[in-house]
S.K.: 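Below is the structure I would like to discuss, written out as structure tokens.
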Amino acid sequence: QVQLVESGGGLVQAGGSLRLSCAASGLPFSNYHMGWFRQAPGKEHEFVAAISKTGGSAYYVDSVKGRFTISRDNAKNTAYLQMNTLKPEDTAVYYCAADGSSILNRLGRRYDYWGQGTQVTVSS
């Protein structure tokens, strides 16, 4: 049974930082690209960042470039999202997802497995 479990969310003031973790089990982690997505109240599901199977490539949505960093530790079956200089508009539920295809995708529908999400709230 595949499980992706996010942690590290919480309440932070604008300008602060959080580090999200996504612990994976039940799948060959190094065979999957990993992505982070978010959904704010009343808004559509949004791609945030993705990292390739080896960690050699990464994509970001423009709104987080220079502030967020995606990484992974294949030995620990864990992906991370370091979020710095947080803004109130970053408030959302953040989800990690795993994609076993050959291409690093930004489209949520390409991902095979999803976590339950972790809430990030940034106060102004």
Side-chain angles (χ1 to χ4, degrees):
Q1 180 183 358
V2 175
Q3 280 194 313
L4 301 178
V5 180
E6 302 95 338
S7 61
L11 173 64
V12 64
Q13 288 188 330
S17 298
L18 285 173
R19 188 195 196 201
L20 305 184
S21 298
C22 173
S25 60
L27 78 171
F29 185 72
S30 61
N31 288 355
Y32 284 78
H33 303 305
M34 296 299 295
W36 286 95
F37 295 79
R38 65 187 179 186
Q39 188 164 23
K43 296 190 176 180
E44 292 186 354
H45 207 238
E46 177 187 34
F47 167 80
V48 176
I51 189 167
S52 63
K53 299 172 185 179
T54 63
S57 298
Y59 293 150
Y60 298 89
V61 67
D62 285 347
S63 60
V64 308
K65 284 180 181 177
R67 299 189 298 122
F68 290 12
T69 303
I70 189 171
S71 62
R72 64 189 296 158
D73 185 338
N74 285 350
K76 295 182 178 180
N77 289 356
T78 302
Y80 304 96
L81 186 68
Q82 177 67 45
M83 305 186 295
N84 297 329
T85 319
L86 282 160
K87 303 176 181 180
E89 51 264 43
D90 294 318
T91 295
V93 177
Y94 283 72
Y95 301 88
C96 70
D99 173 17
S101 72
S102 59
I103 299 172
L104 188 57
N105 283 298
R106 306 170 195 249
L107 297 175
R109 64 177 181 268
R110 301 292 189 186
Y111 284 74
D112 304 301
Y113 302 106
W114 291 82
Q116 294 297 308
T118 186
Q119 177 70 47
V120 171
T121 304
V122 184
S123 63
S124 56

S.K.: Considering non-hydrogen atoms only, spot the tightest contact between S124 and A14 and give its length.
M.R.: CA-CB, 4.3 Å
S.K.: Taking all atoms of both residues into account, what is the closest heavy-atom pair of L104 and S52, and its distance?
M.R.: CD1-N, 3.8 Å
S.K.: Using the ring pair (Phe, Tyr, Trp, His ring centres under 6.0 Å) rule, pick out the option among Y94, Y111, Y95 that qualifies with H45.
M.R.: Y95
S.K.: Can you spot which of Y80, Y59, W36 makes a side chain to side chain contact (heavy atoms under 4.5 Å, CB included) with I70?
M.R.: W36
S.K.: Hey, do the aromatic rings of W114 and F37 have their centres closer than 6.0 Å?
M.R.: yes
S.K.: Ignoring hydrogens, what is the shortest heavy-atom contact between L81 and A49? Give both atom names and the distance.
M.R.: CD1-CB, 4.2 Å
S.K.: Can you tell me which residue among D90, N84, T85 is in a side-chain hydrogen bond (donor to acceptor under 3.5 Å, both in side chains) with R67?
M.R.: D90
S.K.: Quick one: does any side-chain atom of D99 pair with a main-chain N or O of S101 as donor and acceptor, under 3.5 Å?
M.R.: yes
S.K.: Does E6 reach the main-chain N or O of Q116 with its side chain, forming a donor-acceptor pair under 3.5 Å?
M.R.: yes
S.K.: What residue among R38, K87, M83 forms side chain to side chain contact (heavy atoms under 4.5 Å, CB included) with V64?
M.R.: R38
S.K.: Is there a donor-acceptor contact under 3.5 Å from the side chain of T91 to the main chain of V122?
M.R.: yes
S.K.: Return the minimal non-hydrogen interatomic distance between L27 and V2, and the atom names on each side.
M.R.: CB-CG2, 4.1 Å
S.K.: Just wondering, do C22 and M34 contact through their side chains at under 4.5 Å, heavy atoms?
M.R.: yes
S.K.: Of the non-hydrogen atoms in D73 and F29, which two are nearest, and what is the gap between them?
M.R.: O-CE2, 4.0 Å
